[in-house]
Every structure is written in structure tokens, then in C-alpha cells.
**Q** 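The structure follows.
Throughout, a chain's letter reflects where its sequence line sits, starting with A, and its residues are numbered from 1.
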2 protein chains.
Amino acid sequence: MVRQREFDEERALDDAMRLFWEKGYKATSLSDLTSKMGIQRPSLYSAFGDKEELFEAALRKYVKLHSSSIRKKLQNNQSVKKAFRTFFEELVEEEYKESPSKGCFCINTMVELAPHDEKFEILTREHQLYLSVIFQETIAEGIKSGELESSLNPKKVAQTLVVSLIGLTVLMKSRPERSFIDNSVTMILSLLK
Amino acid sequence: MVRQREFDEERALDDAMRLFWEKGYKATSLSDLTSKMGIQRPSLYSAFGDKEELFEAALRKYVKLHSSSIRKKLQNNQSVKKAFRTFFEELVEEEYKESPSKGCFCINTMVELAPHDEKFEILTREHQLYLSVIFQETIAEGIKSGELESSLNPKKVAQTLVVSLIGLTVLMKSRPERSFIDNSVTMILSLLK
DNA sequence: TGTATAATATACTGATCGGTATTAAAAGAG
DNA sequence: CTCTTTTAATACCGATCAGTATATTATACA
């Protein structure tokens with residue numbers, strides 16, 4: 001009714017998302033959060049609940065952005081093969097551009113929290129499943145258009161691409177020789193016959 | 001000279017390894033460690049140094065065991081293809097058998113620490129490189145024996161198998177439908193022509 | 001057996017953790 | 001302007017963190 005919030009909730013959640021993404025759940029303190037978000041503790045608690053609720057909101061925001069970003073990158077391409085190649089190459093380029101690499105917030109959470117908290121096990125599982133469906137639909141279109149062989153199993157290939165995407169993203173955190181990654185991308189894309 | 005240590009250092013380090021493996025670095029407290037290892041704080045510090053030194057020793061022990069375990073599983077097989085298939089299938093079986101899955105200590109560390117600590121970036125990178133060399137040697141033997149096509153590039157395939165291994169291990173933490181994993185394993189192994 | 005030495009156990013340190021009670025400030029309603 | 005309500009800011013809470021000082025116990029050697 002009366003005094004209205006002085007900070008932009010969506011903006012603050014975005015700051016929290018980036019911080020949890022970079023540092024993980026445990027390693028991010030409330031002091032880190034409030035200073036990055038530019039708000040005080042009581043404001044954080046009244047707006048987002050406790051640390052875990054804020055983390056969950058941040059992750060949900062991330063997977064929403066991540067899904068639509070990937071969907072966007074794969075569509076509007078005349079060639080499905082080229083779309084996937086560009087997608088993987090840009091991903092690798094992006095990760096090697098900055099040090100440390102940004103990685104994927106959802107993958108980080110799969111490792112840190114999914115084994116110890118069913119809520120995050122489900123949330124991360126469903127995101128990976130969703131990505132595999134996006135991949136699958138893209139591959140199915142490629143078959144329909146005649147670009148890809150009809151003997152290809154869109155679901156199986158899509159799932160394998162998701163597994164490979166996870167593997168690449170995690171491995172790049174150790175910053176291996178670029179050829180390690182490039183070779184793998186080439187081999188993986190060879191599954192799209 | 002005089003009073004000798006009452007606890008088995010190697011045994012205590014093994015306990016620490018399992019705990020860090022399960023919970024990660026940040027989420028494992030000194031109290032967790034001393035109670036699991038069955039020793040007091042001063043004993044821990046005098047024997048292993050601080051928390052980070054203990055963690056590093058635990059991880060080094062892990063990668064040593066992990067390397068030799070994988071090497072063992074891949075050799076003594078008449079067929080290279082069968083060796084890899086058995087290796088991946090047993091890995092999946094093992095991970096689905098218990099909940100939560102054990103995962104890989106080195107992969108966990110790649111995600112949690114490698115991006116923020118060069119020491120662990122290097123340690124984890126070298127382990128993955130080492131695994132790729134084991135894979136590469138196995139594949140090269142398969143080519144030499146005539147089981148695998150000579151057109152195969154052992155290094156590239158080996159690196160791709162490492163990427164896939166990482167992806168599978170991480171994804172299984174979210175406990176997806178078994179078919180997601182099985183389909184991926186089948187596709188990945190199809191690279192071994 | 002007495003002494004030196006090192007490992008043990010207890011108890012404590014300052015710092016930081018997540019979370020909150022309390023106080024001050026802001027703004028619409030009357 | 002005053003009152004009411006909700007926000008924001010300060011300061012604080014007990015708990016736990018990693019790490020250590022102190023004291024006790026055990027043992028090899030003189």
C-alpha cells in the first residue's frame with residue numbers, strides 16, 4: 001500500500017544468479033550476496049526468503065534463460081548440421097575466451113547439490129531432459145528436410161549430444177589443450193550423418 | 001624416536017578421501033573429518049597439514065587409484081570393443097545401484113575448485129589427459145590387432161570417450177531415466193568402428 | 001626407573017556463517 | 001499534518017567455521 005520497494009527485484013535476482021553460478025551454493029555467503037545485489041539482509045529475506053530459496057529462484061531463472069538461448073541458437077539455420085556445429089564451436093570459443101570459464105550453472109548444481117537434495121536432482125534432471133528434447137526436435141527437422149539420413153535415431157543422438165555437451169563444459173574447467181576439445185567436438189558432430 | 005602414532009595414516013587418508021569425494025571441499029568440515037577419521041584435530045594437522053593440504057593429498061590418492069583401476073579394467077580383454085563396452089556398462093550399473101551415485105572425485109573437484117585454484121586446475125587436467133592416454137593406447141592396440149579399422153584416429157576417439165565419460169558421470173547425478181544413459185553409451189561406443 | 005620426546009586430548013581462539021530483532025525512514029491515506 | 005504501513009538500515013544473535021595453545025599421556029632410550 002505505502003512505501004514501495006527501492007530496488008529492482010529482477011535485477012537483484014540476476015546478480016544473485018551470476019554469483020551462485022560463479023561460486024556455487026556453499027561458497028557464496030550472504031555477505032557476498034547482499035553486497036553484489038546492493039541490498040541489505042532483511043530486504044533479501046523479505047523479497048526472496050532464505051539462502052536456499054534464493055538459490056532455487058536464481059537457478060530457475062538460469063535454466064529458463066539457458067533453454068531459450070539454446071533454442072534460439074539452433075533455429076533459423078538452413079542447415080541442421082551447421083546449426084549444431086556453430087552451437088558447439090561458439091560454446092567452446094566462449095569458454096576459452098575468459099578465464100576461468102563461465103561453465104553452466106545447472107551442471108555445477110548437478111554436481112554440488114543434486115546428489116544431496118532431491119529438489120535439485122529433479123530440477124537439473126528436467127532441464128537436461130528439456131535440452132535433449134530441443135536437440136531431438138532439431139534433428140527430426142533435419143531428417144524431414146532430407147539433410148540427415150533417415151536411419152538416424154533423433155532421440156538417441158540428441159541424448160548423446162547432451163551428454164557430450166555436459167562433458168565438454170566440465171572438462172573445459174580444467175582448461176585442457178584446445179585440440180582436446182576441438183577433436184572431441186569434431187567426433188561428436190560426426191554422429192550427425 | 002619415542003611414542004609412535006596410534007592411528008594408521010593411510011587408513012585415515014582413505015577416510016578423508018571418501019568424505020571429500022562424497023561432500024566436496026567446502027561442505028566437509030574439520031569436525032566431519034576428525035570424527036570420520038577417528039582422530040583429533042591436532043593429530044590431523046600434524047600428520048596432513050591444513051584442510052586444503054589434506055584435500056590435495058586425498059585427491060592425489062584418488063586419481064592414483066582411479067587411474068590404475070581403469071587401466072586394469074581395460075586390459076586383459078581379447079576384444080577392445082568389448083572391453084570398452086563392459087567398462088561403460090559396469091560404470092553405469094555401479095552408479096545406478098546406489099543412491100546417491102558415487103560419481104568421480106576428480107570431476108567434482110573440476111567443478112568446485114579448478115576454476116578458482118590453479119593447483120586443482122592442473123591436477124584435474126592432468127588426470128583427464130592421463131585417462132585419454134590409457135584409452136588411446138587401448139584403441140591403438142585394437143587397430144594393431146586388426147579388430148578396429150585403421151582409419152580410426154586413436155587419439156581423437158580416446159579424447160571423445162573421456163568427454164563422454166565425464167558427461168555420463170555428471171548427468172547420472174541427476175538420475176535420469178536409465179534409457180537416456182544407455183542410449184548415449186550405445187551411440188558413444190559406435191565411434192569404435 | 002627417570003627423563004626426554006612426541007602424540008594425544010581438551011578447550012579455546014577470532015572470524016565468519018545464516019538468520020533476525022530493533023530502529024529509522026519513507027510514502028500513501030485520512 | 002498525522003497516522004499507518006511497509007520498507008530499509010544497523011546491529012546483533014547463537015552456531016559453526018578453520019585452526020591452535022595448553023595440558024596430559026604414552027613410550028623409547030639412557
**Q** Please check if the number of heavy atoms outside B:R178 that lie under 6.0 Å from its CZ is greater than 12.
**A** yes
**Q** Could you give the side-chain donor-acceptor pairs of residues 130-143 of chain A under 3.5 Å, partners two or more places apart or in another chain?
**A**
from	atom 1	to	atom 2	distance (Å)
A:Y130	OH	A:R71	NH2	3.1
A:S132	OG	A:L129	O	2.7
A:T138	OG1	A:I134	O	2.8

**Q** Sequence neighbours excluded and cut-off under 3.5 Å, please list the side-chain donor-acceptor pairs for residues 185-193 of chain B, or say none.
**A**
from	atom 1	to	atom 2	distance (Å)
B:T186	OG1	B:D182	O	3.0
B:S190	OG	B:M187	O	2.5

**Q** Provide the full list of side chain to side chain donor-acceptor pair (under 3.5 Å) pairs with a residue in residues 160-172 of chain B, sequence neighbours left out, each pair given once.
**A** none
**Q** For A:D117, enumerate each residue passing the salt bridge (charged side-chain N to carboxylate O under 4.0 Å, His left out) test, keeping only those at least two apart in sequence or located in another chain.
**A** A:K119
**Q** Can you name the atoms? Protein N/O to nucleotides 13-15 of chain D N/O, anything below 3.5 Å, with the distance.
**A**
none

**Q** Can you check the A:M37 CE to D:dA8 P distance for me, whole Å?
**A** 12 Å
**Q** Checking A:E118 now: which residues fulfil salt bridge (charged side-chain N to carboxylate O under 4.0 Å, His left out) with it, not counting sequence neighbours?
**A** none
**Q** Tell me the salt bridge (Lys or Arg N to Asp or Glu O under 4.0 Å) pairs involving residues 98-115 of chain A, sequence neighbours left out?
**A** none
**Q** CD of B:E53 versus C1' of D:dA18: gap in Å, rounded?
**A** 13 Å
**Q** Reading nucleotides 12-20 of chain C 5' to 3', which nucleotides get B (base under 4.0 Å from a protein heavy atom), which S (sugar-phosphate only), which -?
**A** -----SBBB
**Q** With a cut-off of less than 4.0 Å, is there a side-chain N or O of B:S43 near OP1 or OP2 of C:dA7?
**A** no
**Q** Could you check how far CG of B:L44 sits from P of C:dT10, rounded to whole Å?
**A** 16 Å
**Q** I'd like to check the side-chain hydrogen bond (donor to acceptor under 3.5 Å, both in side chains) partners of B:D15; sequence neighbours left out, ordered by chain and number.
**A** none
